Amino acid sequence: MIIEIIMSHIDFYVIESLRELRVKSNPYIDQVELAQRIGVSEGYVGQIENPKNRAKYNMRMMARAAKALNLKSYQDILPKETLKNDMVRIKMKTLKSDTRKHEVDKNGNVKKRFEILSIKALNSDEILQWENGEIKYLTIIEK
């Protein structure tokens, strides 16, 4: 399936970063365990990690997640450099998985749930349309 979402680039980065850190944690921490550790409902981390949903971490949840994952610094979650774009249109192809559990490959990389096809910055007119609710968060391009 190919979808397109519109969201803050930093939110997308943080969601993917925390997911990867969660999956690589030793011992492994699943979505339910992380949700319990940060004090949100059991399904909330799953909603955040599903790109089809608008849920995202706020700063407090990010700080709690960092503590729950025993990170030494918030820098482990955040990008190394300032992201150039605010709101972006992310086109992605969802990938099939053999299991519901997130896996790490033989090189220690978390297996991807989707392939990013493109990330494009919204222009000022599109940001206005987004703020006015004239542009949808999610568009299914191909099933």
Side-chain angles (χ1 to χ4, degrees), residues 1-122 126-143:
M1 175 184 296
I2 297 176
I3 64 171
E4 187 174 78
I5 60 172
I6 295 175
M7 74 184 312
S8 161
H9 202 180
I10 188 71
D11 284 333
F12 183 75
Y13 187 96
V14 166
I15 290 166
E16 289 305 300
S17 179
L18 280 172
R19 179 185 160 274
E20 191 167 309
L21 290 163
R22 177 184 65 73
V23 172
K24 286 182 172 182
S25 66
N26 190 7
Y28 174 80
I29 297 174
D30 66 15
Q31 292 174 342
V32 172
E33 176 71 18
L34 182 59
Q36 291 170 345
R37 290 183 184 193
I38 65 175
V40 296
S41 67
E42 289 186 354
Y44 196 65
V45 171
Q47 289 176 13
I48 291 172
E49 291 183 3
N50 182 343
K52 295 178 188 173
N53 293 320
R54 290 182 78 155
K56 59 186 178 231
Y57 291 103
N58 62 32
M59 294 300 287
R60 184 173 180 221
M61 282 191 290
M62 186 183 80
R64 287 172 145 186
K67 185 176 180 183
L69 294 168
N70 296 316
L71 302 179
K72 292 181 180 170
S73 169
Y74 298 118
Q75 297 304 315
D76 296 336
I77 301 168
L78 300 171
K80 304 266 185 267
E81 297 177 8
T82 302
L83 298 174
K84 293 177 179 50
N85 303 308
D86 176 24
M87 297 297 291
V88 293
R89 185 181 307 264
I90 306 168
K91 189 176 192 180
M92 63 181 73
K93 178 180 182 179
T94 58
L95 303 173
K96 300 275 187 213
S97 176
D98 300 340
T99 176
R100 289 186 49 87
K101 185 176 177 182
H102 302 285
E103 297 176 337
V104 177
D105 68 19
K106 61 185 176 190
N107 297 321
N109 300 312
V110 176
K111 289 186 180 179
K112 299 294 181 191
R113 302 166 298 144
F114 48 78
E115 174 187 349
I116 303 287
L117 302 175
S118 65
I119 298 179
K120 296 180 182 174
L122 267 58
E126 290 171 319
I127 290 174
L128 258 176
Q129 290 173 327
W130 168 253
E131 290 170 349
N132 292 328
E134 298 167 14
I135 298 177
K136 295 188 299 185
Y137 166 77
L138 168 70
T139 304
I140 297 175
I141 297 174
E142 179 184 303
K143 286 198 174 200

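If you read the sequence from its start, that first residue is 1, and numbering goes on from there. Keep in mind that what you see is a predicted model, and the values were worked out from it rather than measured. Note: hydrogens, waters and symmetry copies are ignored here, and every other heavy atom, side chains too, is used.
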Test log, rule side-chain contact (heavy atoms from CB on, under 4.5 Å), inputs Ile15 and Met7 = CA-CA 11 Å; Ile15 290 166; Met7 74 184 312; 3.8 Å; yes
Residues, nucleotides or ligands: over 12 heavy atoms within 6.0 Å of Lys24 NZ | yes
Exceeds 12 heavy-atom contacts within 6.0 angstrom, atom OH of Tyr74 = no
Interatomic distance, [X] atom [atom1] to [Y] atom [atom2] [nearest 0.5 angstrom]:
| X | Y | atom1 | atom2 | result |
| --- | --- | --- | --- | --- |
| Ile2 | Leu117 | CD1 | CG | 5.5 Å |
| Asn70 | Asn26 | CG | CG | 11.0 Å |
| Gln31 | Glu42 | CD | CD | 11.5 Å |
| Glu126 | Glu131 | CD | CD | 12.0 Å |
| Ser41 | Gln36 | OG | CD | 10.5 Å |
| Leu138 | Ile90 | CG | CD1 | 12.0 Å |

Does any non-hydrogen side-chain atom of [Y] lie less than 4.5 Å from one of [X]?
| X | Y | value |
| --- | --- | --- |
| Lys120 | Lys91 | no |
| Leu18 | Leu69 | yes |
| Leu83 | Phe12 | no |
| Tyr57 | Ile38 | yes |
| Leu21 | Ser17 | yes |
| Leu78 | Met62 | yes |
| Met92 | Lys112 | no |
| Arg89 | Glu4 | yes |

Minimum heavy-atom distance [X]-[Y], with the two atoms named:
| X | Y | value |
| --- | --- | --- |
| Ile3 | Ile140 | CG2-CG1, 4.2 Å |
| Asn85 | Ala121 | OD1-CB, 3.2 Å |
| Ile77 | Ala66 | CD1-CB, 3.7 Å |
| Trp130 | Leu122 | CB-CD2, 4.3 Å |
| Tyr13 | Pro79 | CE2-N, 3.2 Å |

Would you sort out whether Lys93 and Glu142 count as a side-chain contact (heavy atoms from CB on, under 4.5 Å), showing the intermediate values?
-> CA-CA 9 Å; Lys93 178 180 182 179; Glu142 179 184 303; over 6 Å; no
Would you say the side-chain atoms of Asp30 pair up with the backbone N or O of Val32, donor to acceptor, closer than 3.5 Å?
->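 Yes: the side chain of Asp30 pairs with the backbone of Val32.
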Where the side chain of Asn50 meets the backbone of Lys52, is there a donor-acceptor pair that is under 3.5 Å apart?
-> yes
Chi angles and distances behind the side-chain contact (heavy atoms from CB on, under 4.5 Å) call for Arg64, Val40 = CA-CA 11 Å; Arg64 287 172 145 186; Val40 296; 5.7 Å; no
So Glu16 and Phe114, side-chain contact (heavy atoms from CB on, under 4.5 Å) or not? Walk me through it.
-> CA-CA 11 Å; Glu16 289 305 300; Phe114 48 78; 3.6 Å; yes
Does a side-chain N-to-carboxylate-O contact under 4.0 Å join Glu49 and Arg113?
-> no
